[in-house]
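Quick notes on the structure that follows.
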Amino acid sequence: MLLISYDISDDKLRTKFSKYLSKFGFRLQYSLFEIKNSDTVLQNIETEIKNNYEKRFTEEDSIIIIKLSETCKKTCYGYAKNEEKEVFIIG
């Protein structure tokens with residue numbers, strides 16, 4: 001699993017990057033995604049960041065990738081604790 005945090009100053013690039021990440025995982029916070037997938041997909045994400053996003057950065061931009069193992073524990077408080085449960089809405 002990866003946690004990917006980003007701070008990108010260019011609105012267009014930031015939007016493109018968040019849409020890219022949303023294909024693989026879900027948003028935990030405004031600029032933080034959790035991605036659970038195969039090692040190959042996780043490696044491809046890192047390669048995409050290095051080859052297509054990093055070269056477009058200014059001195060103000062950054063992406064931080066944290067690799068977590070299956071034994072890591074995530075604890076959520078407040079609204080974030082709802083992410084731990086499946087919620088069904090029937091209308």
Side-chain angles (χ1 to χ4, degrees):
M1 179 172 72
L2 298 178
L3 290 180
I4 300 179
S5 175
Y6 58 92
D7 188 5
I8 301 173
S9 58
D10 180 85
D11 292 340
K12 188 175 178 180
L13 183 60
R14 184 177 57 249
T15 299
K16 182 179 179 179
F17 186 65
S18 68
K19 286 181 181 180
Y20 172 73
L21 292 179
S22 67
K23 292 190 280 185
F24 303 102
F26 68 95
R27 189 185 301 267
L28 292 174
Q29 302 245 321
Y30 182 72
S31 61
L32 179 67
F33 275 81
E34 178 182 303
I35 301 173
K36 295 180 183 176
N37 215 311
S38 69
D39 289 341
T40 302
V41 170
L42 299 179
Q43 183 60 46
N44 288 342
I45 291 169
E46 288 194 69
T47 301
E48 178 75 12
I49 291 169
K50 184 175 182 178
N51 293 337
N52 295 312
Y53 288 97
E54 185 179 32
K55 63 185 176 184
R56 299 172 62 189
F57 282 0
T58 67
E59 291 179 8
E60 300 171 357
D61 300 334
S62 66
I63 294 174
I64 298 171
I65 299 173
I66 302 167
K67 294 180 182 180
L68 300 174
S69 70
E70 292 295 323
T71 59
C72 290
K73 179 183 176 194
K74 178 177 81 172
T75 304
C76 299
Y77 299 95
Y79 176 77
K81 68 183 174 185
N82 294 322
E83 298 294 330
E84 295 292 310
K85 302 173 187 168
E86 291 187 39
V87 177
F88 297 97
I89 300 175
I90 300 172

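Position 1 is the first residue of the sequence; numbering continues from there. On a predicted model such as this, the values are computed, not experimentally measured, just so you know.
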Any donor-acceptor pair under 3.5 Å from [X] side chain to [Y] backbone:
{"X": "K23", "Y": "K19", "answer": "no"}
{"X": "S18", "Y": "T15", "answer": "yes"}
{"X": "R14", "Y": "I8", "answer": "yes"}

Kindly list each side-chain donor-acceptor pair under 3.5 angstrom involving residues 56-67, sequence neighbours excluded, with atom names and distances?
residue: T58; atom: OG1; partner: E60; partner atom: N; Å: 3.2
residue: T58; atom: OG1; partner: D61; partner atom: OD2; Å: 3.3
residue: D61; atom: OD1; partner: S9; partner atom: N; Å: 2.7
residue: D61; atom: OD1; partner: S9; partner atom: OG; Å: 2.9
residue: D61; atom: OD2; partner: T58; partner atom: N; Å: 3.0
residue: K67; atom: NZ; partner: E46; partner atom: OE2; Å: 3.2

Are E34 and K36 close enough for a salt bridge, meaning some N to O gap below 4.0 Å?
->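 Yes, charged N to carboxylate O under 4.0 Å.
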Nearest 0.5 angstrom please: [X] [atom1] to [Y] [atom2], how far?
{"X": "Q43", "Y": "N37", "atom1": "CD", "atom2": "CG", "answer": "13.0 Å"}
{"X": "E48", "Y": "L21", "atom1": "CD", "atom2": "CG", "answer": "10.0 Å"}
{"X": "I35", "Y": "L3", "atom1": "CD1", "atom2": "CG", "answer": "9.0 Å"}

Least distance between heavy atoms, S5 atom then L32 atom |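 Scanning both residues completely, I find the closest heavy atoms to be CB-CD1, 3.9 Å.
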Is atom CG of D39 surrounded by more than 12 heavy atoms (other residues, nucleotides or ligands) closer than 6.0 Å?
->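 No, because the 6.0 Å sphere around CG of D39 holds 12 heavy atoms or fewer from other groups.
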side-chain hydrogen bond (donor to acceptor under 3.5 Å, both in side chains) evaluation trace for S38 with T40 | CA-CA 5 Å; S38 69; T40 302; 4.6 Å; no
Student check: side-chain heavy atoms of F33 and F24 closer than 4.5 Å |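 F33 does not reach F24 side chain to side chain.
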Give a yes or no on whether the ring-centroid distance for F17 and Y53 is below 6.0 angstrom.
->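 Yes, ring centres under 6.0 Å apart.
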Going only through I, L, V, M, F, W and Y residues with side-chain contacts under 4.5 Å, is there a path from F26 to Y20?
->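 Result: no, two separate clusters.
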